[in-house]
K.L.:
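Quick one: this structure, given as structure tokens, is what I'll be asking you about.
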Number of protein chains: 2
Amino acid sequence: MNVGEVAALAGVTVRTLHHYDRIGLLSPSGRTAAGYRQYSPADLDRLHQVLLYRELGFPLEEVGTLLDAPDADPEVHLRRQHRLLRDRLERTQVMVAAVEKEMEARSMGISLTPEERFEVFGEHDPAEYDAEVEERWGETDAYARSKQKTAAYSKDDWVRIKAEGADVEARFAAALTDGIPADSDRAMDIAEEHRQQINRNFYDCPPEMHAGLGRMYVEDERFTAHYEEIAPGLAQYVSTAVQANATRQGA
Amino acid sequence: MNVGEVAALAGVTVRTLHHYDRIGLLSPSGRTAAGYRQYSPADLDRLHQVLLYRELGFPLEEVGTLLDAPDADPEVHLRRQHRLLRDRLERTQVMVAAVEKEMEARSMGISLTPEERFEVFGEHDPAEYDAEVEERWGETDAYARSKQKTAAYSKDDWVRIKAEGADVEARFAAALTDGIPADSDRAMDIAEEHRQQINRNFYDCPPEMHAGLGRMYVEDERFTAHYEEIAPGLAQYVSTAVQANATRQGA
DNA sequence: CTTGACCCTGACGTCGCGTCAGGGGCGAGT
DNA sequence: ACTCGCCCCTGACGCGACGTCAGGGTCAAG
């Protein structure tokens, strides 16, 4: 792909890609004889990461060091991005609440103090993330290290994990063919095991997030196909069970 | 207040305030004999608005024109900010979902297409707001005009609105002293009327937002005081009724 | 009457591009 | 073979929103 196509796909300008090339943040993996930039799928992957970090407010130079860090596999980035996005979500919710509070205050004739109104603008530098992350994750580094093993999974580990996953899926399929309702205790128990498996082997997955995944299983054909391949109706079944379990777990 | 204090309060640097002064976005209303900038409470108000719009991604020049528009009273800004913040909330939720989707895809060995991954980065320019707002509000301008009357409320209007508010509050108080439960139909009906009143007279208030206000009535002493002045226990009572009604309305 | 914390006004630097300017490459039609 | 229109290239300057000195005045405390 040449610049124009990539730019259109990613929703950025050609100039931006030129810029990223010149500062060494994202250099296309090839050039044509005429000097045209040629972007590979791997380049697109990297661009995607760049844009995510940029959206999160990181300066481009820091994005580069993050992406070029040798110990940072894609999963590390995904987890970090997930955490930062959730932080942002929280911050935005606080701001929404603040604005609603002020609207209501105005209509009731109450006026707020300056301190109150400015406290929304607390700290939210992405730069502070460095220190923050090392404090937060430094404390729970047992957890961090257990998670970082993901990158170091051996072939045996992967075999075991795949087997675990297949086992849960088989039990879902069995429950389905047995005619057990998807919101029954038995189905929800399997769903909970599914969640724990993700927790152990991949990433932190609270019930709420698990419910989101459940919805995705029927909304996205890719995941639907994965389950329908095992048994027809399984995608919907797993989806329902997972969401029911999330509700049961108090999400 | 002089620059340093304002900067500390608002969480910006002194240089930023200097900058806003020089470009005419926020000039302090006074100077001391020695030339020190003196900020009034009104200046702080304006700074607050500036920072909100800035946070939302508006270029400073546009912030200036927005704030200096003669037909734009504070309520207009609040409504606009509320809308923009909700948009942002939605966008962030979409991005969170996208990252979760990718984490799950990776752990299941599914890979996503580039198109899929980039579609998150759709349009989100604050610049497009201009055109957008005139289209959206142009269509429903009956609604817009009915809302803009807020700024043009006459003294009689205000008297009527205050009376309506007092009426609802009195009926809440009566229900409370009658020993009617706050989550009963009668209390919820009054709550719904409260919501409709806000809708008619002030701003668009869907059930979900109304529930948020309900929580605030007990969390914020300012609002608590307003209700407790009428009858002891009324803040908690209204809060519960409003939230119960929101659930009933399907929030 | 000095010290240290705060204030002032230039003025230049930085980051992430936008925006020309000047020139070459390439497939379609004539 | 030529040209038209669209895409690509490389400088190079501009801009918005400040950061960061430099050089100097102010003000309350000791």
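Proteins get letters first, then strands, A, B, ... in listed order; numbering begins at 1 in each.
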K.L.:
Select one nucleotide: of C/dG16, C/dC7, C/dC17, the one nearest the side-chain heavy atoms of A/P59.
P.N.:
C/dG16

K.L.:
Within the supplied structure, the quantity of interest is the number of heavy atoms (other residues, nucleotides, ligands) at a distance under 6.0 Å from B/R31 CZ; does it exceed 12?
P.N.:
yes

K.L.:
Does the side chain of A/R46 pick up a donor-acceptor pair with the side chain of A/Y20 at under 3.5 Å?
P.N.:
no

K.L.:
Take the protein atom CG of B/D21 and the nucleotide atom C1' of C/dT9, then report the distance between them rounded to whole Å.
P.N.:
11 Å

K.L.:
If the cut-off is 4.0 Å, is A/H18 near the phosphate of D/dC9, judged by side-chain N/O to OP1 or OP2?
P.N.:
yes

K.L.:
Does B/D43 come within less than 4.0 Å of B/R37, counting only side-chain N to carboxylate O?
P.N.:
no

K.L.:
Is there a donor and acceptor pair closer than 3.5 Å between the side chain of A/Y20 and the base of C/dG16?
P.N.:
no

K.L.:
Report yes if at least one side-chain N or O of A/R15 is closer than 4.0 Å to OP1 or OP2 of D/dC13; otherwise report no.
P.N.:
no

K.L.:
Please report, rounded to the nearest Å, how far the P atom of C/dG18 is from the CG atom of A/L17.
P.N.:
10 Å

K.L.:
Between C1' on C/dC15 and OH on A/Y53, what's the gap in Å once rounded to a whole number?
P.N.:
20 Å

K.L.:
Applying the side-chain hydrogen bond (donor to acceptor under 3.5 Å, both in side chains) test to A/Y53, which of A/R80, A/H48, A/E62 qualifies?
P.N.:
A/R80

K.L.:
Would you indicate which nucleotide in C/dC26, D/dC8, D/dC18 comes nearest to any side-chain atom of A/N2?
P.N.:
D/dC8

K.L.:
Side-chain N or O of A/T13 less than 4.0 angstrom from OP1 or OP2 on C/dG18?
P.N.:
yes

K.L.:
Going by distance alone, is a donor N or O of one side chain under 3.5 Å from an acceptor N or O of the other, for B/E61 and B/T65?
P.N.:
no

K.L.:
Look at the side-chain N and O atoms of B/R37 and state whether any lies under 4.0 Å from the OP1 or OP2 oxygen of C/dC8.
P.N.:
yes

K.L.:
Choose from D/dC18, C/dC8, D/dC8 the nucleotide whose nearest atom is closest to any side-chain atom of B/Y36.
P.N.:
C/dC8

K.L.:
Write down the distance between CG (B/L60) and P (D/dC15), rounded to a whole number of angstrom.
P.N.:
16 Å

K.L.:
Nearest to the side chain of B/A34, heavy atoms from C-beta on, is which of D/dG19, D/dC8, D/dT26?
P.N.:
D/dT26

K.L.:
Ignoring the backbone of B/R54, work out which of C/dC7, D/dC18, C/dC17 is nearest its side chain.
P.N.:
D/dC18

K.L.:
Between atom CZ in A/R22 and atom P in D/dT10, what is the gap in whole Å?
P.N.:
7 Å

K.L.:
Rounding to an integer number of Å, can you tell me how far A/R31 CZ sits from D/dC7 C1'?
P.N.:
15 Å

K.L.:
Between C/dG16 atom P and A/L51 atom CG, what is the distance in whole Å?
P.N.:
13 Å

K.L.:
Check every atom of C/dG18, C/dG25, D/dC9 against the side chain of A/T16 and return the nucleotide holding the closest atom.
P.N.:
C/dG18

K.L.:
Rounded to whole Å, please give me the gap between CD in B/E62 and C1' in D/dC15.
P.N.:
16 Å

